[in-house]
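These notes are about the structure you will find just below.
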Amino acid sequence: MSFFKTLFSKPLSLTLSVTSANGFHLRPVAQFCTLAKSFPCSLTASLDDKTVDAKAVNALLSLSLEQGDSFRLSAKGNKADKALEALEACFTALMQNDKEMHSTEKTSHPYLGETIEAAIIFRGVSLAPVHHHTLQERQNKSELTFKEAVDKSMEELESLCLKHKDRENGAIYLAQKELLFSLGSTSATLSEFERKIQMESQKLIGTILDSKRSDYQDILQRTKSHLGFNTEVIFPDVPFILVSEHLLPSDVDTLILTKVAGVILQETALNSHTAILLRAAGICAVICDAVLTQNETIILDANAGVILQNPSQEDVEKALQRQTTEHVQQQLSANNRFQKAYTAGGKPIQVLANVSDLASAQSAKEQGAEGIGLLRSEFLFKSEKPSFLTQKEAYEAIFALFDEITVRTLDVGGDKALPYIALPHEANPFLGVRGIRLLLTHPAILEEQLHALFVAAKNKPIKIMFPMVSSVEEFVNMKRFTQEIAKKYALDISHLRFGIMIEVPSVLFLLEAFNEVVDFYSIGTNDLTQYLFAIERTHPLLKTDELSPVVYAAIEMIMQKASKPVSICGELAANKYALPTLLKLGITTLSVSPSSIAQTKEEIRHA
Ligand code: PEP
Ligand code: MG
């Protein structure tokens, strides 16, 4: 479209209806605005006589769109038609995928005393004194300007998004980032930003988005912390039940480290971000606006969804009994975590861990892992390139923990960019230089890593695995490269094993040839699913179904054709719904995250 045509063209518009029972709330709005911002045309949303910028999260939220509301989306200028088409599809998918949060069903309870009803966020029973959440603000010195503090907060939220990208937390951080972009980046000073936060969050009071007000406070607090304002929250050093009006999503990370026995949120909803994170952290929690006194001991029964004040000795004993029963069930899987897992039919299944550094490897050991099935070595390379010595020492420390260890060489490219590796600019990075293909562009980095791995392995039969392999030639060239390195540094690597991740569908059709050259395979279902469906795994809108028969058919094909050991290290390995099929297909080694080990072993025992 020419400049004049664009300037004088009429706006195009369409009507969108909110179908989700949650309304058009922060997370979907953030995803919608991220897409809207990628178009050059102007975009507005109108409800009744109010029209707002459809690229700004806070503006769109201010329409308070609830289920049944219809709003008009208008586009004017360059690519207006394309924008409307894409945003309509995005909106439809967001509405369909926005799961309604049902309150957890309450169990019956045996208490004789008077009970106060509460909505359950996460199950559990606790008995402890009440502690009211109070904040104290202290100002320390800061070198940063307001703008720098906003930028730093944006960076933090960006990296939190990446870190949690496959989980619900990722969407929460994305939503907060968008919110900060539209309110913080458009403010000149902290007080202007505070004013905007105050005004925007006030507009949500009493609307369906009321529970999202804590996200506004959270971005304000994050930015203020970079300006030296630190809010200090002091938690008791003994078990306590936290009662809070304003627990922020980011406070949950701190809370996990305390002796918290339970949480009572006074003003929020089951699908508030704070509630989602409490659930993810496994903290017994409810929503209830009862007036509770500091230090009074209460029973919080989040299985029955009740609170008891001044409990009688009899009720205390009943609560303790219910707590014990619950702990016994949890402990059962935890207690058995060091025991080998056999299926109900008596078949032994090896449960290994996916780790990224020494801390996660130690946690895997503590959780009962039998070894490491996937060391994602790229995490060692995060912000700056580690030296040979740093790498060698890190590998040595991890290798000392287990006998069975598989290390994956640096897997960058696609969704895993590294700031100091200048990859060629590519239109489709997910189909470009990544994983093993780094040998073509950055052989020196791989040489240093392999050298460090060989030295750290000493005489241990470490398995070395290459990511994103798509042809036999790639593997053969890499194997030749390893032999040249071993020769150059006069190292014997005959005890090491070399294998590949199966993540690219072409490998399925080359297995006979691969059988001749590799020592083992590990199926990376995360990327394999992405490439089978041609849907980017980080795509905000399109979602693949990892339980699809297509994925099982691929695994079946691998199991039939592979003559070398096969394990599975994608997220599917920890999916309890997939487990029976994986075992039926002949999988005998699963590699899962440390926190899933005890549970996975327990499920194997019942499979
Ligand atoms: C996979 O692709 O399944 C896998 C385990 O690797 P990552 O998730 O690190 O890409
Ligand atoms: Mg992968």
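Each ligand, and each atom within it, is numbered from 1 in the order the structure gives. Keep in mind the model is a prediction, meaning the values are calculated, not measured. Just so you know, residue 1 is the first one in the sequence shown, and it goes up from there.
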> Does a salt bridge link Glu404 with Lys463, judged by any charged N lying under 4.0 Å from a carboxylate O?
Replying inline: yes

>> Taking the basic N atoms (NZ, or NE/NH1/NH2) and the acidic carboxylate oxygens, is any pair closer than 4.0 Å for Glu396 and Lys392?
In response: yes

> What part of Leu374, side chain from CB on, backbone N/CA/C/O, both or neither, has a heavy atom under 4.0 Å from ligand 1?
Replying inline: side chain

>> Under 4.0 Å, heavy-atom basis, I'd like to know which part of Glu571 is in contact with ligand 1: side chain, backbone, both or neither.
In response: neither

>> Can you tell me how the ring of Phe466 sits relative to the ring of Phe498, calling it parallel under 30°, perpendicular over 60° and tilted otherwise?
In response: parallel

> Taking atom NZ of Lys564 as the centre, does the number of heavy atoms from other residues, nucleotides or ligands within less than 6.0 Å exceed 12?
Replying inline: yes

> Within a radius of less than 6.0 Å around NZ of Lys584, do more than 12 heavy atoms belonging to other residues, nucleotides or ligands occur?
Replying inline: no

> What atoms in ligand 1 come closer than 4.0 Å to a heavy atom of Glu503?
Replying inline: 1 (C), 2 (O), 6 (O)

> Can you list the ligand 1 atoms lying under 4.0 Å from a non-hydrogen atom of Met501?
Replying inline: 4 (C), 5 (C), 6 (O)

>> Restricting to N, O or S, what is the name of the atom of Asp527 that lies nearest the Mg ion (ligand 2)?
In response: OD2

>> Need the atom name: nearest N/O/S atom of Glu503 to the Mg ion (ligand 2).
In response: OE2

> Can you check whether Arg376 has an N/O within less than 3.5 Å of an N/O in ligand 1?
Replying inline: yes

> Within 45° of the six-membered ring axis of Phe39 and under 6.0 Å from that ring's centre, is NZ or CZ of Lys82 located there?
Replying inline: no

> Where the closest heavy atom to atom 1 (C) of ligand 1 is concerned, which of Ile523, Asn526, Ile568 has it?
Replying inline: Asn526

